Amino acid sequence: MSLALPGGTIGLLGGGQLGRMTAMAARPLGLRVIVLDPDAQCAAAGVADHVIVGAFDDVASARELGQRADVVSYEIERIAPAALAAAAEGAPLRPGAGILEIIQDRAAQKRWLESNGFPIGPWRAATNAAELREAVAAMRSPCRVKAAHGGYDGRAQMRVVSQGDAEAAWEALGGRACVVEQELQLVSECSVLVARSPAGELKVHPPARNWHEDGILVRSVLPSGLPARVTAEAVALATDLATKLGVEGVLVVECFSVEDGRLLINELAPRPHNSYHHSGVACATGQFEQYVRALAGLPLGATTLVRPVALANLLGDLWRDGKPPAFERALAVPGVKLELYGKEPRPKRKVGHLMAAGDTVEQALERLERALRAMRELA
Ligand code: ATP
Ligand code: MG
């Protein structure tokens, strides 16, 4: 059931930064990583053992990936079902295709969560402009209209404040199936990572507290510093979800704390997640190592907190006239670490992240802000 150490091969659909960091975590265990990505120069290309260049609906390439691997997984959600099935012909797919099918469609995901008794906010599905109008009318304004398929980092979603905006939202999203969510008053946001091995061993990381701006994660801290009741609830949700879904691999649950004290599920991700990029510094086992262990059928690592760490994403906007920010100044701040993905810097594009460790979360955050300021100062 477990992969041969050393020498076993993980096949990943997707070669973005998550694939890159997975490959980096697989190396010390003697495991090889092959990725499938439409871009030969994808972020994972520099570290993976091999890149199969193919689209995420390219059945032949996905089949080749499965044939060359001992286990197959995915680091992005928009994989065509036929490609997923083709990859699974050659090697076990973890997490299974049924899980991705539920998660990759926001409406299906919400239906599944509701029917299994998990707490989510008010929402409606819409598959045409009239349904969208009705859904917006039925909901208290403002609301969030999100394409059912394919959005990330707040893309393919819109804030709608009046009923009249529904039509414009339908057009702006390209006339595709979507969900309408009530905009909630958030007290806090957190996420929780759970890993489950094919043998059923399950380990949960401490929840991370997250802050978003324009739909993009801007800061995250471990530990969360949230009330014990909130973190216990998040951990219980993650445990229940991983068990009910039969996850083999990792699952991240994004949660909203709302004013009446409830903890609601925003969405699920069946893969490593941006909000745990600092887990390798903060915890005994980082998310990528945990993911590799779970995929490979190895014993899961301890998730104990080792030290507080704060995280900031680095976007392509930081580059001025093609010139990178002064990373060396950031690195001069104690406890700071830098991870770059080797991606071409473009506005709003995540190209790396900065982390700062401290004796406390407050110190970690203070160091992080200091490093970010220093980095941006003009030479
Ligand atoms: P990613 O895949 O990067 O997590 P996404 O594109 O799937 O992002 P969401 O997770 O749906 O986007 O939303 C991004 C952020 O926008 C949330 O973390 C939250 O801060 C805010 N947000 C989304 N939906 C709501 C809502 N219904 N009420 C209040 N805030 C919301
Ligand atoms: Mg999200």
Side-chain angles (χ1 to χ4, degrees), residues 14 16-18 74-79 100 102-110 113-114 119-126 132 135-136 138-161 165 169 172-174 176-193 207-221 224 226 234 237-238 241 250-260 262-277 287 311-315 341 348-351 353:
Q17 61 263 25
L18 301 179
Y74 39 87
E75 58 100 72
I76 58 150
E77 278 128 68
R78 58 195 162 88
I79 313 281
L100 188 60
I102 295 167
I103 291 179
Q104 70 183 182
D105 175 345
R106 283 188 195 273
Q109 184 183 146
K110 287 179 186 294
L113 288 169
E114 264 176 356
I120 61 172
W123 75 285
R124 294 250 186 142
L132 182 59
V136 170
M139 210 82 77
R140 199 162 20 91
S141 319
C143 35
R144 304 281 180 121
V145 182
K146 304 179 179 179
H149 286 95
Y152 67 98
D153 287 348
R155 297 175 206 203
Q157 53 176 276
M158 290 192 70
R159 187 166 186 262
V160 168
V161 284
D165 295 343
L173 293 179
R176 29 185 185 152
C178 51
V179 299
V180 182
E181 292 177 13
Q182 179 76 66
E183 185 176 280
L184 304 163
Q185 289 298 319
L186 306 182
V187 175
S188 62
E189 289 193 61
C190 69
S191 52
V192 54
L193 176 101
R209 179 163 186 187
N210 308 320
W211 291 268
H212 290 82
E213 261 169 38
D214 291 336
I216 300 187
L217 181 78
V218 285
R219 298 286 183 277
S220 177
V221 294
S224 71
L226 292 170
L237 279 177
L241 283 161
V250 298
L251 177 80
V252 169
V253 189
E254 296 179 15
C255 302
F256 290 156
S257 277
V258 290
E259 276 175 330
D260 64 9
R262 282 180 309 153
L263 189 67
L264 304 176
I265 296 171
N266 171 29
E267 59 174 352
L268 308 178
R271 51 162 173 83
H273 194 266
N274 192 176
S275 65
Y276 273 91
H277 283 355
Q287 67 166 341
L311 166 86
N313 273 323
L314 301 176
L315 304 182
Y341 310 149
K348 302 272 180 219
R349 189 181 204 206
K350 291 177 194 162
V351 293
H353 61 265

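As the structure is a prediction and not an experimental result, all values here were calculated from the model. The first residue of the sequence shown is numbered 1, and numbering continues consecutively from there. Start at 1 and go down the list; that is how both ligands and their atoms are numbered. Basis for what follows: all heavy atoms, side chains included, without hydrogens, waters or symmetry-related copies.
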Point to revise | Pairing residues for Arg219 by the salt bridge (charged side-chain N to carboxylate O under 4.0 Å, His left out) criterion, not counting sequence neighbours | key: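 Per chain and number, Arg219 pairs via salt bridge (charged side-chain N to carboxylate O under 4.0 Å, His left out) with Glu369.
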Review point. So do Arg271 and Val252 actually touch side chain to side chain, heavy atoms under 4.5 Å?
Key: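 Not touching, per the 4.5 Å side-chain cut-off.
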Exercise for review: Flag the pair Leu18 / Ile76 as yes when at least one side-chain heavy-atom distance between them is below 4.5 Å, and no otherwise.
Suggested key: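 Of all side-chain heavy-atom pairs linking Ile76 with Leu18, none is under 4.5 Å.
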Review point. What pairs with Gln157 under side chain to side chain donor-acceptor pair (under 3.5 Å), at least two apart in sequence or on another chain?
Key: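 Listed in chain order: nothing, the list is empty.
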Exercise for review: With sequence neighbours excluded, tell me which residues meet side chain to side chain donor-acceptor pair (under 3.5 Å) with Lys350.
Suggested key: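 By the side chain to side chain donor-acceptor pair (under 3.5 Å) rule, Lys350 matches Asp153, Asn274.
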Review point. With the Mg ion (ligand 2) at the center, what angle do OE1 from Glu254 and OE2 from Glu267 span, rounded to 10 degrees?
Key: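 Value, to the nearest 10 degrees: 90°.
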Practice item. Could you pull out every protein residue that has a heavy atom closer than 4.0 Å to ligand 1, ordered by chain and then number? Key: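 Lining ligand 1: Arg106, Arg144, Lys146, Tyr152, Asp153, Gly154, Gln157, Glu181, Gln182, Glu183, Leu184, Leu186, Glu189, His212, Gly215, Glu254, Phe256, Asn266, Glu267.
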Point to revise | Any side-chain donor near an acceptor of the partner, Gln17 and His353, under 3.5 Å | key: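 Side chains of Gln17 and His353: no pair found under 3.5 Å.
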